[in-house]
J.: 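Pasting a structure below so you can have a look.
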Protein chains: 4
Amino acid sequence: MESWRSAITEADGEQLRIRGEAVLRLMQDASFCDVVGLLLKGRLPDAAERRLLDTMLIAIADHGAGAPSAAAARVVATGNRQAPEAAIAAGILAIGDAHGGAGLACFGVIQESLERARREGRSLEEMAALVVDDARQTKTRLPGFGHRMYREDPRAVALLRLADELGKSQDGVTFVRAIERALARSTKPVPLNVDGAIAGVLFDLAYPALAAKLVFIIGRTAGLSAHVIEEYTRERPMRIRIPVTYDGPAPSPAE
Amino acid sequence: MESWRSAITEADGEQLRIRGEAVLRLMQDASFCDVVGLLLKGRLPDAAERRLLDTMLIAIADHGAGAPSAAAARVVATGNRQAPEAAIAAGILAIGDAHGGAGLACFGVIQESLERARREGRSLEEMAALVVDDARQTKTRLPGFGHRMYREDPRAVALLRLADELGKSQDGVTFVRAIERALARSTKPVPLNVDGAIAGVLFDLAYPALAAKLVFIIGRTAGLSAHVIEEYTRERPMRIRIPVTYDGPAPSPAE
Amino acid sequence: MESWRSAITEADGEQLRIRGEAVLRLMQDASFCDVVGLLLKGRLPDAAERRLLDTMLIAIADHGAGAPSAAAARVVATGNRQAPEAAIAAGILAIGDAHGGAGLACFGVIQESLERARREGRSLEEMAALVVDDARQTKTRLPGFGHRMYREDPRAVALLRLADELGKSQDGVTFVRAIERALARSTKPVPLNVDGAIAGVLFDLAYPALAAKLVFIIGRTAGLSAHVIEEYTRERPMRIRIPVTYDGPAPSPAE
Amino acid sequence: MESWRSAITEADGEQLRIRGEAVLRLMQDASFCDVVGLLLKGRLPDAAERRLLDTMLIAIADHGAGAPSAAAARVVATGNRQAPEAAIAAGILAIGDAHGGAGLACFGVIQESLERARREGRSLEEMAALVVDDARQTKTRLPGFGHRMYREDPRAVALLRLADELGKSQDGVTFVRAIERALARSTKPVPLNVDGAIAGVLFDLAYPALAAKLVFIIGRTAGLSAHVIEEYTRERPMRIRIPVTYDGPAPSPAE
């Protein structure tokens, strides 16, 4: 087998460098958040970018034991007391399209819409109205908008305000706000959620699209870790019993 | 990188053989259960062994949506509608030590106890009494015994009876029964469960210890598949809300 | 939390029934393959359907240690010697769109194309030509066709022939063959692979679309189990070293 | 189903607090590393603890594409292009006992040894010699010591030196160093590795034992994310082919 190529980390027993930066020096000078930026984007963030990245990671670090990712981790932990990595992995697997994954899809919407606006010479406001109309006609939900618990997601508001203050808001942030306004003009307002806000900010910080999901995963892994510790140390094995009502076929007559 | 070695499957674009058996021929002549035996033990099972293996796989194929493995799969499916493999994987991750994994530990107890009995010239009955005494004194649960829902696990009873009828019961089956009797003489009887019965039978069929867990995983993957189909086709995304009562620190005064 | 509903399994400590069939009776009379059919489709298969399902599960049970699913399982097993379920889960996670997941996408193509053919009054032959043209124009690969190792996938050929012999081939099988012929008329023939054949047959057997991926996962879990046993018992921990050539940024001048 | 209890996060649509701290305030004032500490230990870290936690997370953030966790993530990504969460989860599943999981076991050794030293009135130096003797006699490897690539793990050295400088080194750090010295007196010196150093420092910072593995998982999730981005954006699907040499049974004569 030929060797794999990688532009991320040099680790040959002599050197240990991430994107060209010596890990021993990063251990002295950098924050973990800096290294998340270095790994995902390829460069150490400046102070404003670091602040925004910290804010995003904190915003989604945990949302309680009832979120699907935490619930999945805890259900696995109830049956598997020897492998905390299994519980964390199960929690991450719940971060799909419907939970925590909207950022990735929203990033795609931003990317395609801004390209189309440029190509067709439309303003962002016009483009947002088009996107919202399309979604209404095809009866699809716009990813990054709406939340089952919030009418306004305070984390989204705070993140975008911070991006403004730090001078990092550009077309991505402008566009998600334009969509939110266009949605508010439709029959039932649907607020920007934290996933959509993260997508807008990461777009403006020139991160790759996948980062919109991976930042969620990195941040939430911290929360999942707390849930696994709590389940292992505070609850007994197999304590979780989901009540189920059977509504399938009656007993087979063959019996 | 040097190439890996493997004694399982030859697949080079010309040939496709598992343990030396042509897959095209197996596709015509064998049952899937035969191939499970071929893969796990290295030889095609005879008719009695096939019957026992089918019986084991069926016995643990599903135990309802509330079992930790099915619940984990469904919680993941509620958040992740695009990747059924993620839901199946999460279900399998719940098959740890406390749920479905007792077979592996029980197989180990059988193996060590029978070796010790031979070494020390003890009868299986004596040895079982010793094992039960040890467990009582160290207050550990014997793996493969007890079930949160059954006072007698009918699947275990049926499996061992079938092993008897087919002439395949040997020391493994004898020993798990001896433990069950020794437990019944103690204050609170704890019945052999299906995991323990599988361990006894697989031991007598000369399967490797790991098979006691892997047979559970293979069988249960069928059940998990049904749960993922049902969750995807019958329920809406994010329908699962686990109610949580917060009992942690009060709001920080710094606020 | 209200209780969940499920039409699959009744397991209340008194009764244990899958789709209305008593598990104790299935343990006596059925094969594991029967129960796979019962779980995925909701009814016990007849003899011909059972034979086809066995044949599919066997066809994809293993394809050697080098397939992504087996390789992922073995890489995880090299680092994790205490949790075989983690290695199996990792193997299943590799069964995505590019490996083993084509059946699900191909099932979708069959379903949509047959509906469209009916709606537009086209023959299956015409419809297949349209689908192939579309794929060529959009430069997309048709899922279920092509294999990195085979010019003709002998497993696909054998499975479809068996479906013919058993009188179970209908529009699904006819249509995947029509696509294969249409592809053969284009510049570079791309054969039907085993995933596409499974999709065609499962469509004709009236299985749900998801079954096209889940049958692959159930079958391959048997192969993954053999690889995990082999890795645990024959190789030492951490024996896998993937050679990597670093081609990223030069050492940072800041150093 | 009764509701679950949790002391981690209050998220009821009105309030969002982690361990009593308002998330909106943390988003403004804290670093992600602070929140990792808050989640794992239950209290915001002071400046020295934050520096140590950042240093640990950075030390294990990545070790190149060839480490089992990164390799597992990339092999899964080669077969699964639609679900980055699946690749991350597979990477985490490789963090078992043999790779990245030594910290948890080493934390256990520290905990038990210090308790025993106290009980038996032994010095840490004496106790370390006992532990090393025991390991030699039972031919077990001490977790947290030795590395397949390093004769001295520079990350371990740097982390412990920082703990000294910040005045946080206590019995945990003293004890892992005592073991390292005792090992150096034996025939073949085996250096403290980064997992062992993390265990020593987390013990002294009063983190729960599980944190020794979970800090590794949180940090490495950042590295795995970079590998998944690279695999998705730079390599084509199914590019990974592990070469395999079959050394199993010859073709069956039955054929």
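Keep in mind that what you see is a predicted model, and the values were worked out from it rather than measured. In what follows, chains carry the letters A, B, and so on, assigned in the order in which the sequence lines appear, proteins first and then strands, with residues in each chain numbered from 1.
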J.: Counting only heavy atoms closer than 4.5 Å, note whether C/Tyr232 contacts chain B via side chain, backbone, both or neither.
T.: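 Side chain only.
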J.: I'd like to know which of C/Glu231, C/Lys213, C/Arg155 tops the heavy-atom pair count under 4.5 Å against chain B.
T.: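 So the answer, after comparing C/Glu231, C/Lys213, C/Arg155, is C/Arg155.
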J.: Please report the closest heavy-atom contact between C/Val35 and B/Ala61, naming both atoms and the distance.
T.: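 The pair with the smallest heavy-atom distance is CG1-CB, 4.0 Å.
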J.: Which bit of B/Leu24 comes within less than 4.5 Å of chain C, counting heavy atoms only: side chain, backbone, both or neither?
T.: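 Only the side chain of B/Leu24 comes within 4.5 Å of chain C.
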J.: Could you look at B/Arg19 and say if it's the side chain, the backbone, both or neither that has a heavy atom under 4.5 Å from chain C?
T.: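 Contact with chain C: side chain only.
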J.: Atom CD1 of C/Ile218 and atom CZ of B/Phe32: how far apart are they, to the nearest 0.5 Å?
T.: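 If we round to the nearest 0.5 Å, C/Ile218:CD1 and B/Phe32:CZ are 8.0 Å apart.
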J.: Among C/Met56, C/Arg51, C/Gln28, C/His227, who wins on heavy-atom pairs under 4.5 Å with chain B?
T.: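 Top count of heavy-atom pairs under 4.5 Å with chain B: C/Arg51.
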J.: Measure distances from C/Asp29 to the heavy atoms of chain B and classify the residue's part below 4.5 Å as side chain, backbone, both or neither.
T.: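 When you check distances to chain B, only backbone atoms of C/Asp29 fall under 4.5 Å.
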J.: Go through the atoms of B/Ala67 and report whether side chain, backbone, both or neither lie under 4.5 Å from a heavy atom of chain C.
T.: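 Answer is neither: B/Ala67 stays 4.5 Å or more from chain C.
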J.: Which one wins on heavy-atom pair count under 4.5 Å against chain C: B/Ile95, B/Asp97, B/Asp153, B/Val23?
T.: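 Of B/Ile95, B/Asp97, B/Asp153, B/Val23, B/Ile95 has the most heavy-atom pairs under 4.5 Å with chain C.
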J.: For the atom pair CG (B/Asp62) and OG1 (C/Thr9), what is the distance rounded to the nearest 0.5 Å?
T.: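 Spacing of CG (B/Asp62) from OG1 (C/Thr9) equals 3.5 Å.
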J.: Need one label for B/Pro208: side chain, backbone, both or neither, based on atoms under 4.5 Å from any heavy atom in chain C.
T.: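 Just its side chain gets close to chain C.
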J.: Step by step, work out the side chain to side chain donor-acceptor pair (under 3.5 Å) result for C/Asp54 and B/Ser31.
T.: CA-CA 5 Å; C/Asp54 265 322; B/Ser31 74; 4.8 Å; no
J.: State the OG1-CD1 distance between B/Thr221 and C/Ile92, to the nearest 0.5 angstrom.
T.: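 If we round to the nearest 0.5 Å, B/Thr221:OG1 and C/Ile92:CD1 are 5.0 Å apart.
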J.: Heavy-atom distance under 4.5 Å to chain B: side chain of C/Arg74, backbone, both or neither?
T.: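 Side chain only.
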J.: Look at C/Leu224, C/Leu26, C/Asp34 and state which one has the largest set of heavy-atom pairs under 4.5 Å with chain B.
T.: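 Heavy-atom pair counts peak at C/Leu26.
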J.: A side-chain contact here means heavy atoms from C-beta on lying under 4.5 Å apart; do C/Ile229 and B/Leu40 qualify?
T.: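 A side-chain contact exists here, since the closest heavy-atom pair is under 4.5 Å.
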J.: Select, from B/Ala71, B/Ala94, B/Gly100, the one with the greatest count of heavy-atom pairs under 4.5 Å involving chain C.
T.: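 The residue among B/Ala71, B/Ala94, B/Gly100 with the greatest pair count is B/Ala71.
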J.: Please classify the contact of C/Ile18 with chain B as side chain, backbone, both or neither, using a heavy-atom distance under 4.5 Å.
T.: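 For C/Ile18, the side chain is the part near chain B, not the backbone.
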J.: For B/Ala209, which atoms come within 4.5 Å of any heavy atom of chain C: side chain, backbone, both, or neither?
T.: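 The answer is neither part of B/Ala209.
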J.: Taking atom CG of C/Leu159 and atom CE of B/Met27, what is their separation to the nearest 0.5 Å?
T.: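 Atom-to-atom, C/Leu159:CG and B/Met27:CE are 5.5 Å apart.
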J.: Tell me, side chain or backbone of B/Asp12 under 4.5 Å from chain C's heavy atoms, or both, or neither?
T.: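 It is the backbone, since no side chain atom gets that close.
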J.: Can you tell me how far CG of C/Leu93 sits from CD of B/Glu85, rounded to the nearest 0.5 angstrom?
T.: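 It is 7.0 Å, given to the nearest 0.5 Å.
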J.: How many angstroms lie between CD in C/Glu230 and CG in B/Leu39, if you round to the nearest 0.5 Å?
T.: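 It is 11.0 Å, given to the nearest 0.5 Å.
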J.: B/Leu16 versus chain C, heavy atoms under 4.5 Å apart: side chain, backbone, both or neither?
T.: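 The side chain, not the backbone.
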J.: Tell me, for B/Ala65 versus chain C, whether the close heavy atoms (under 4.5 Å) come from the side chain, the backbone, both or neither.
T.: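 Contact with chain C involves both backbone and side-chain atoms of B/Ala65.
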J.: Based on non-hydrogen pairs under 4.5 Å, which of B/Arg234, B/Lys41, B/Glu10 is most in contact with chain C?
T.: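 Ranked by heavy-atom pairs under 4.5 Å with chain C, first place is B/Arg234.
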J.: Top residue by heavy-atom pair count (under 4.5 Å) with chain B, among C/Ala90, C/Ala7, C/Gly101, C/Cys33?
T.: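 Top count of heavy-atom pairs under 4.5 Å with chain B: C/Ala7.
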J.: Quick one: what part of B/Arg5 sits under 4.5 Å from any heavy atom of chain C, side chain, backbone, both or neither?
T.: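 For B/Arg5, backbone and side chain are both near chain C.
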